[in-house]
Amino acid sequence: MLSNKRIQELELVMEFEKVEECFKEVSSWIENVGRKRLKETINLDDSLETLLQAQKQFREFDLVASDYCRRGQEALKKMDRWEDFSSVDVRSYREKLQTYKDQLEEFCTQLDENRHRICETVRLYEFFDKVRPGTCCTEEGVKS
């Protein structure tokens, strides 16, 4: 039984090394491109026109970012079996795996939050653009 468990651990290590290339690619993209682009969407402009342009650019980025998130999540699913192994030899790989998982989850969460925030901001600006003309006319009528 110990021999079989050891063989399984070695197979997992070999599988991890294959999947690690995907992790490294996703991780590198998140650090070098993804986070920078998310930071650019923190300050949104004050006009509906520029906000709509920012939303369009974010959607293009979102397609690419969502693909990286999906690829990272698929790679993590391949490594689900690591949970069953607790030997010292596997510990360093589990720690790497946890680091990749944490980074991916954090980025995907920030991506979802920014997507929602931009969408809600656009809807709010569109609402105010519809309401504002009626409000201005009403205020002028009240002043007269």
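The first residue in the sequence is number 1, and the count goes up from there.
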Kindly indicate whether the side chain of [X], heavy atoms from C-beta on, has any atom under 4.5 Å from the side chain of [Y].
{"X": "Asp67", "Y": "Arg70", "answer": "yes"}
{"X": "Ile118", "Y": "Arg59", "answer": "no"}
{"X": "Leu97", "Y": "Leu76", "answer": "yes"}
{"X": "Ile30", "Y": "Tyr68", "answer": "no"}
{"X": "Leu111", "Y": "Arg115", "answer": "yes"}
{"X": "Glu126", "Y": "Leu52", "answer": "yes"}

Please report the shortest heavy-atom distance between [X] and [Y], naming the atom on each side.
{"X": "Cys22", "Y": "Arg71", "answer": "SG-O, 3.9 Å"}
{"X": "Tyr100", "Y": "Glu20", "answer": "OH-OE2, 3.6 Å"}
{"X": "Arg35", "Y": "Phe107", "answer": "N-CE1, 3.9 Å"}
{"X": "Gly72", "Y": "Leu104", "answer": "C-CD2, 3.4 Å"}

Worksheet item: With distance as the sole test, does Thr99 use its side chain to make a donor-acceptor pair with the main-chain N or O of Glu95 at under 3.5 Å?
Response: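 Looks like yes, one N/O pair under 3.5 Å.
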Discussion item. Using only atom types and a distance under 3.5 Å, with no angle test, would you say the side chain of Ser28 pairs donor to acceptor with the backbone of Glu25?
Written reply: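 Here the side-chain-to-backbone pair does not exist.
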Worksheet item: Does one side chain, of Asn114 or Gln110, offer a donor that lies under 3.5 Å from an acceptor on the other?
Response: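 Per modelled atom types, Asn114 and Gln110 side chains form no pair under 3.5 Å.
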Practice prompt. Report the residues that fulfil ring pair (Phe, Tyr, Trp, His ring centres under 6.0 Å) with Phe61, sequence neighbours left out, ordered by chain and then residue number.
Written response: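 Listed in chain order: Trp29, Phe58.
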Item to complete: Apply the test side chain to side chain contact (heavy atoms under 4.5 Å, CB included) to residues Lys96 and Phe16: give CA-CA distance (whole Å), side-chain angles for both, the deciding distance (0.1 Å), then the verdict.
Response: CA-CA 10 Å; Lys96 282 184 185 180; Phe16 180 84; 3.9 Å; yes
Item to complete: Please test Glu40 against Arg37 for salt bridge (Lys or Arg N to Asp or Glu O under 4.0 Å), starting from the C-alpha separation and ending with a verdict.
Response: CA-CA 5 Å; Glu40 292 172 3; Arg37 291 289 306 269; 3.5 Å; yes
Worksheet item: With hydrophobic residues grouped by side-chain heavy-atom distances under 4.5 Å, do Val33 and Leu38 end up in a single group?
Response: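 Both belong to a single hydrophobic cluster.
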Worksheet entry | Nearest-0.5 Å distance that lies between atom CG in Leu124 and atom SG in Cys119 |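 Reported to 0.5 Å precision, the distance equals 11.5 Å.
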Worksheet entry | Separation of Thr41 OG1 from Gln57 CD (nearest 0.5 Å) |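 That separation rounds to 11.0 Å.
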Practice prompt. Please step through side chain to side chain contact (heavy atoms under 4.5 Å, CB included) for the pair Thr121 and Gln55, ending with a clear verdict.
Written response: CA-CA 10 Å; Thr121 304; Gln55 183 183 38; over 6 Å; no
Practice prompt. Report the residues that fulfil side-chain contact (heavy atoms from CB on, under 4.5 Å) with Ile7, sequence neighbours left out, ordered by chain and then residue number.
Written response: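 Listed in chain order: Ser3, Glu11.
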Worksheet item: Just wondering, more than 12 heavy atoms not from Glu60 lying within 6.0 Å of its CD?
Response: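 Above 12, so yes.
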